[in-house]
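Below is one structure; the comments refer to it alone.
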Amino acid sequence: MRQPSLTSIASYQALQAHAQDATQWQMRDLFAQDPQRFERLSAEAAGLFLDYSKNRLDGRTLALLASLARERGVERLRDAMFAGDKINLTENRAVLHTALRAPQDKQITVDGQDITADVHAVLARIRTFSDAVRNGQWLGHTGREITDIVNIGIGGSDLGPKMVCLALRQFAHPRLTMHFVSNVDGHDMDAALSRVNPETTLFIIASKTFTTAETMMNANTARAWFLRHAPEQALAKHFVAVSTNVEAIKKFGIDPDNMFPFWDWVGGRYSVWSAIGLPVALCVGYGYFADFLAGAHAMDEHFRTAPIEQNLPMILALVGFWNREFLGCPSVSIAPYHQDLNRFPAYLQQLDMESNGKRVTRAGDTITDYATGPVIWGDVGTNGQHAYFQLLHQGTDVTPMDFIAALRPAHEFQNHHAALLANCFAQSEAFMKGKTTDEVRADLAGQDAAEIERLVPHKTFPGNRPSNTILMEYLTPATLGALIALYEHKVFVQGAIWDVNSYDQWGVELGKVLAKKIEAELNGAAQPAQHDGSTNGLIARAKAAV
Ligand code: G6Q
C-alpha cells in the first residue's frame, strides 16, 4: 500500500514549522527555564531508565512527534508485526523475533502453524544440549570434557552471540572458552584453531541459509582440520549446526540430531534469541539465557502496550528522527560506559544500518525529500574520550550520542566505578553545556590579554549537542535482553516513519555476486573478465603476487 509521502503529512509540516524555533534553542536555557525538565523528559521500563532531557526539544516537540507517529500508522504496523503479518514485503515474510521470547502460553501462528510450540520445542533442546556440555555429560570422542566452543558464522549469525557472550562474561562457565570465527580471512580461523585442541572442542556452524560463502569456507576448513586429528565418526561429538536448511546440513555431514532449527520469519540480525543464541546458552547456561529472553519480552510488552509518550522505544526513535530530520545529524555515536559492552556498538551498527539503510519506500518509490537511517558507530567510554570525542565536542558536525551505563558494577573496585560514571555524566553535561567564550576568558584570567584572545576560539565549546543516557542497575542477562529489544523496536519505529522495509538487506547482494566472479579469476578457474580499469589493475597485482 502506497503511503502519502512523509513530508506531505500534516504532522510533519507542523514539526517543520516548530523546528524553525526549536533549532534556535539552547539547552542550557531550556534547563534553566524548567527545573522539572529531567523528570518530564525521562522514562523507565523493563529495568531501563532513559534520560532524553539533553536534547534540543521540549514537551511540544514531543507531542508533535507523537502525532507524527500516529499519523504515520506506527502503532498499526507494530500490531501487525506482533500478530505475524508478513510485513517484510520484499521477502514475503513475517517478522517475529518477538515470538522467540514470548512465554509458552502465548499463541502466535504463522500460516496456520502454532509457532510458540515450535519455539519452545527448540528451546527445550537447547536446554538439554547446553546442560550436557556444561555439566560434562557431553564428551568429545576421546572421552574428554569440552573446553572450547568455536562458533562459525557471519553477520547476524555472529555479531549477536559474540556480543552477548562478551557482555555476560560475569556469568560464563569457567571451563568453557568461547571463540567466534566469522571472517573469510584465514587469519581469523588460524587464530582460533591455534588455541584449541580437537579432542575438547565443539564447533557450531551457524548459518540460517547454510549457503553463505564465508561460513561455508570456514566450516569446511574447520572440518578438514578436525579430520586431520580425528576419525570421521568423531564428527558427531564435535560438530553441531544452527540453520533453517536441513538438507544442506546433511550434505555437509552433520547429523540432523545435532541440528538446532529456526525459521524464515527470524531475520539474521534479529536472531540471537533463536538457536543462533546457542553459544550464549552454552556460555552462561540455559537459566540465564531464559532470563535474557524474558528481559527482551518485558520490553516487547512495554513497547506493545505503553502510550507513545511513555514508550521507551518510541521516544528513542522519535528523538532520533528529530535529530536526523530537523537538526540534520548524519550519524549517531553509541558510547557504552561498560567494558563488557564493547561489541555493542558493532552489534547496533548492523541492527540499525542494515535495517534502515534504505533509499526506497515500502512501495518502491525513491526517497528524495528526507533522510533515512543515520550512520551508527562508537566505542566504549572512557576510551573514546581519548580518541574521537574531540570531533564530537568541537567538530563541525553535530553527532547525537547514546550513553549507556550500569549504576552498579559487578566488580569490587568501587573507586573505578565512581570514576567511570563521573566521566559518563560529565561528557553528556559537557556536550550539552559547552563552554562559552566568557567562561574561557575567566579560566585564563591573569594571562597576557592578547594571548587570552588568541586562545579563546580554540578553547570554546559550542555545546548544545544532544545525547540520551540509558541506565540500568546491573548489566544482567535480563537488562541486556531489554536493552537489545529497546534498540530493535527503535529501529522498527524509525523504519515505519521513513516508510522503508527494515527487514530485507538487498544491499549486500551485489558485492557477493561480484566477489564470486573475481575469486574464480584469482584462482585461475576463470579467465579475467573485463572489469573497469581500477578493478582490472588490482586483480592483476594480486595475481602477480601469488
Ligand atoms: C542479517 C543479514 C546477514 C546474515 C548473514 C549470515 O540480517 O541477513 O547479516 O545474518 O549474511 O547469513 P546466514 O546465517 O544465512 O549464513
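Every number for a ligand or one of its atoms is a count from 1 in the order of the listing.
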Would Arg93 count as a cation-pi partner of Trp265, with NZ or CZ less than 6.0 Å from the six-membered ring centre and within 45° of the ring normal?
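The answer is no, since Arg93 fails at least one limit relative to Trp265.
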Any salt bridge between Asp190 and Arg195, counting N to O under 4.0 Å?
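No, this pair does not count.
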Candidate list Val284, Leu278, Val280, test side-chain contact (heavy atoms from CB on, under 4.5 Å), partner Leu282, passing option:
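Answer after filtering Val284, Leu278, Val280: Leu278.
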Which heavy atom of Leu392 sits nearest to which heavy atom of Met401, and what is that distance?
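That closest heavy-atom pairing would be CD1-SD, 3.4 Å.
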Near ligand 1, which residues have a heavy atom under 4.0 Å away from one of its atoms?
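Contacts of ligand 1 under 4.0 Å: Ile154, Gly155, Gly156, Ser157, Ser207, Lys208, Thr209, Thr212, Gly268, Arg269, Gln350, Glu354, Gln505.
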For the pair Tyr288 and Phe171, name the ring-plane relationship: parallel under 30°, tilted 30 to 60°, perpendicular over 60°.
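Rings of Tyr288 and Phe171: perpendicular, over 60°.
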Counting only heavy atoms not in Met216, do more than 12 sit closer than 6.0 Å to its CE atom?
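Enclosed: over 12 neighbouring heavy atoms sit under 6.0 Å from CE of Met216.
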